[in-house]
Protein chains: 2
Amino acid sequence: MAAQRGQRNGVGDTPPAPTAAEITAPIPRVVAEVPAARERARAIPEAAVARLAVYLRVLSGMQDQGSGTVSSEELAVAAGVNSAKLRKDLSYIGSYGTRGVGYEVAVLIEEIERILGLTRKQSVAVVGIGNLGHALANYGGFPGRGFPVTALFDVDPDLIGVPVGGLPVEHIDDIPTICAEREVSIGVIATPPPAAQTVCDRLVEAGVQCILNFAPVVLQVPDHVEVRKVDLAVELQVLSFHVARRADNAAATNGVAPEFNGKVNGMVVT
Amino acid sequence: MAAQRGQRNGVGDTPPAPTAAEITAPIPRVVAEVPAARERARAIPEAAVARLAVYLRVLSGMQDQGSGTVSSEELAVAAGVNSAKLRKDLSYIGSYGTRGVGYEVAVLIEEIERILGLTRKQSVAVVGIGNLGHALANYGGFPGRGFPVTALFDVDPDLIGVPVGGLPVEHIDDIPTICAEREVSIGVIATPPPAAQTVCDRLVEAGVQCILNFAPVVLQVPDHVEVRKVDLAVELQVLSFHVARRADNAAATNGVAPEFNGKVNGMVVT
DNA sequence: TACCGCTTGTGAACGCATGCACAAAGTCGC
DNA sequence: GCGACTTTGTGCATGCGTTCACAAGCGGTA
Ligand SMILES: NC(=O)c1ccc[n+]([C@@H]2O[C@H](COP(=O)([O-])OP(=O)(O)OC[C@H]3O[C@@H](n4cnc5c(N)ncnc54)[C@H](O)[C@@H]3O)[C@@H](O)[C@H]2O)c1
Ligand SMILES: NC(=O)c1ccc[n+]([C@@H]2O[C@H](COP(=O)([O-])OP(=O)(O)OC[C@H]3O[C@@H](n4cnc5c(N)ncnc54)[C@H](O)[C@@H]3O)[C@@H](O)[C@H]2O)c1
């Protein structure tokens, strides 16, 4: 029980268990984690990693558009972040900029891909080929970004063997063999909530070390497995909170209706 | 330009613009934000809000299962967080526990729902009824949680009028009238990336103040609009990063293969 | 009623992340 | 070749979020 932890990536969610950002810190763990590992894999804050992925996409767009170099300011605006933050994020992976000029787009793409481990293709398996699973299996954006979907699993006998997005659905009992055979490194769970934990356990048993979970449940996994969750209900509820707070504030500030209480369309009146 | 900002919720992403957590802090803003608003809507960290949504779901499950009360420890384990963190999160919304006993499940549910603004139903519109849009429209989990999907939009003439999940698809030109009429408070964008910004602008014009964006683009919105994004490519890439880092560490630590290097299945060996 | 054990709620400390501001470093023009 | 200008990379301060640890408070019990 003590070895288990909640999955990360909510908002600002820093897990109690070791993170990339903590590998240099003293860890109250007993096995593995030798100090010698410090030099390699510099500690990159998890938040920065997520942003690097965003920069990468923006950079790809720029490259397609023919840009040769970008300044931190341009890239920051395009990625929707502060330019200082962007430079700091990039500094985690090294110094690839030229002062007075900016960054070479191609170089930056290559370096970010290297850090994110995208040089090696990460094979993805989707479990639960229902509404969401179909959408994921049909989505062309993954293979294009280095994440080929190489296996689909379900329990529904009517689905087994049916090709979805060009790939036949397999039975979940075949997870061990197929995942090993196709070197699946990321498992995506899109089953109903009650089945999620079982499916997760099977994937882990099969050696899958990373899980992306769409089911609204807290998965229990061993320490060496990385879980991220996408929880739409939570997203909507956070938005709902902001609506409520805004309404409260507006009501407290003055008697004006919640919408359009004097603020010009996003521009701060100075 | 200065009034625009990147959307939040990456990992540990704290926005540059005012957040719930900042309303008590001195803000270098010029309009609105009157000090009088301080008493109401206590400053709840955004990260805590996201977790409250998780607690709510766990609590609902407990209630269905007949539990009358829970201790912070039980709830924390079920939600996958530290019990101290859980208590602090709950303390943001008030003191509804009984020392020596725990929390009454029903009371906690009610209070969290109140804070998250779930007492008022939040009407949702989905734009872009493709693979993902279909899945969202058919998903039964939203209405059940206080988020009725009341409108679907697309541009594809073949889709207009076709019922999806029991609701006919409307043309995006009707966004203004329909959103107003059905009091849509949350817009979900599931269009191809190039269309996302335009769709977003239309929603904002129609008075929608909250947006959940699935398209892998950085949306530019005025200050009073709240955007959250769900970016699967980023999720996968963060997972990929962890695979890479782990492989690096293992290689540096000893010559052992990345998988199963001595650790017992999640249990820390003491 | 008084005591005891249990759990909450929170003050305080710590650590991570953000943003600022500037020195270092390179380019471009002359 | 030199100076001025531009942009990077980063030390530092600040603020937010997490965690610890414990006093306060409540129910049960004698
Ligand atoms: N559809 C959405 O838009 C949406 C949105 C948010 C969250 N989710 C979550 O995603 C998950 C999937 O949603 P959905 O709408 O696709 O559901 P769905 O019912 O359409 O599909 C679920 C699929 O999982 C399969 N399945 C059931 N048990 C299984 C098992 N033990 N092993 C393997 N496969 C199994 C079913 O056969 C079915 O094909 C759910 O947990 C849901 O809460 C979905
Ligand atoms: N399908 C997935 O699993 C998945 C995963 C991650 C991200 N996404 C993202 O979600 C978005 C939708 O993906 P999808 O697979 O459903 O795509 P899709 O092509 O299946 O569907 C897109 C839909 O949007 C409609 N559309 C196009 N332009 C529009 C406009 N201007 N206004 C309104 N509607 C418009 C199209 O008619 C189509 O019905 C994309 O941005 C994609 O990158 C999808």
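Proteins come first, then strands; the chains are lettered A, B, ... in the order of their sequence lines, and each starts at number 1.
Counting only residues at least two apart or on different chains, the salt bridge (charged side-chain N to carboxylate O under 4.0 Å, His left out) pairs with a member in residues 55-66 of chain A are A:Arg57-B:Asp231. Within the structure, the salt bridge (charged side-chain N to carboxylate O under 4.0 Å, His left out) test picks out the following pairs touching residues 105-118 of chain B (sequence neighbours left out): B:Glu111-B:Arg114. Sorted by first then second residue, the salt bridge (charged side-chain N to carboxylate O under 4.0 Å, His left out) pairs that include residues 89-100 of chain B, not counting sequence neighbours, are B:Arg51-B:Asp89.
Taking the charged nitrogens against the carboxylate oxygens, A:Glu46 and A:Arg228 do have a contact shorter than 4.0 Å, which makes a salt bridge.
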For nucleotides 11-14 of chain C, tabulate all protein N/O to nucleotide N/O atom pairs closer than 3.5 Å, reporting atom names and distance.
residue	atom	partner	partner atom	Å
C:dG11	O6	B:Lys88	NZ	3.4
C:dA12	N6	B:Lys88	NZ	3.2

Look for any protein N or O under 3.5 Å of an N or O in nucleotides 5-9 of chain C and output each such pair with its distance, or none.
residue	atom	partner	partner atom	Å
C:dT7	O4'	B:Gly100	N	2.9
C:dT7	O2	B:Gly100	N	3.4
C:dT8	OP1	B:Ser72	N	2.5
C:dT8	OP2	B:Ser72	OG	2.5
C:dT8	O2	B:Arg99	NH1	3.0
C:dG9	OP1	B:Tyr96	N	3.4
C:dG9	OP1	B:Gly97	N	2.9
C:dG9	OP2	B:Tyr103	OH	2.6
C:dG9	O4'	B:Arg99	NH2	3.1
C:dG9	N7	B:Arg87	NE	2.8
C:dG9	O6	B:Arg87	NH2	3.1

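Residue A:Asp89 contributes atom CG, which lies 13 Å from atom C1' of C:dC16 at whole-angstrom precision. When the C1' atom of D:dT8 is taken as reference, atom NZ of A:Lys85 falls 19 Å away, rounded to whole Å. Atom CG of A:Leu86 is separated from atom C1' of C:dC20 by 16 Å (rounded to the nearest Å). In this structure, the OH atom of B:Tyr92 is 11 Å from the P atom of D:dC16, given to the nearest Å.
Going from atom CD1 of B:Ile109 over to atom CG of B:Leu118 covers 11.5 Å, rounded to the nearest 0.5 Å. Here the OH atom belonging to B:Tyr92 is positioned 13.0 Å from the CD1 atom belonging to B:Ile115, to the nearest 0.5 angstrom.
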Q: Might you work through the side chain to side chain contact (heavy atoms under 4.5 Å, CB included) test for B:Arg145 and A:Gln237, ending with a clear yes or no?
A: CA-CA 9 Å; B:Arg145 287 239 161 272; A:Gln237 286 171 9; 3.8 Å; yes
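Of the side-chain N and O atoms in A:Asn82, none sit less than 4.0 angstrom from OP1 or OP2 of C:dA17.
Remark: A:Gln122 pairs with A:Ser185, B:Ser240 by the side-chain hydrogen bond (donor to acceptor under 3.5 Å, both in side chains) rule, at least two apart or across chains. A:Phe214 is linked by a ring pair (Phe, Tyr, Trp, His ring centres under 6.0 Å) to nothing, counting only residues two or more places apart in sequence or in another chain. For B:Ser83, the side-chain contact (heavy atoms from CB on, under 4.5 Å) partners two or more places apart in sequence, or in a different chain, are B:Ser72, B:Glu73, B:Ala76, B:Arg87. In this structure B:Glu74 satisfies the side-chain contact (heavy atoms from CB on, under 4.5 Å) test together with B:Val70, B:Ser71, sequence neighbours excluded.
Helix-axis bend for the helix from C:dT1-D:dA30 to C:dC30-D:dG1: the local axis fitted to the five terminal pairs at one end deviates from that at the other end by 10°, rounded to 10°.
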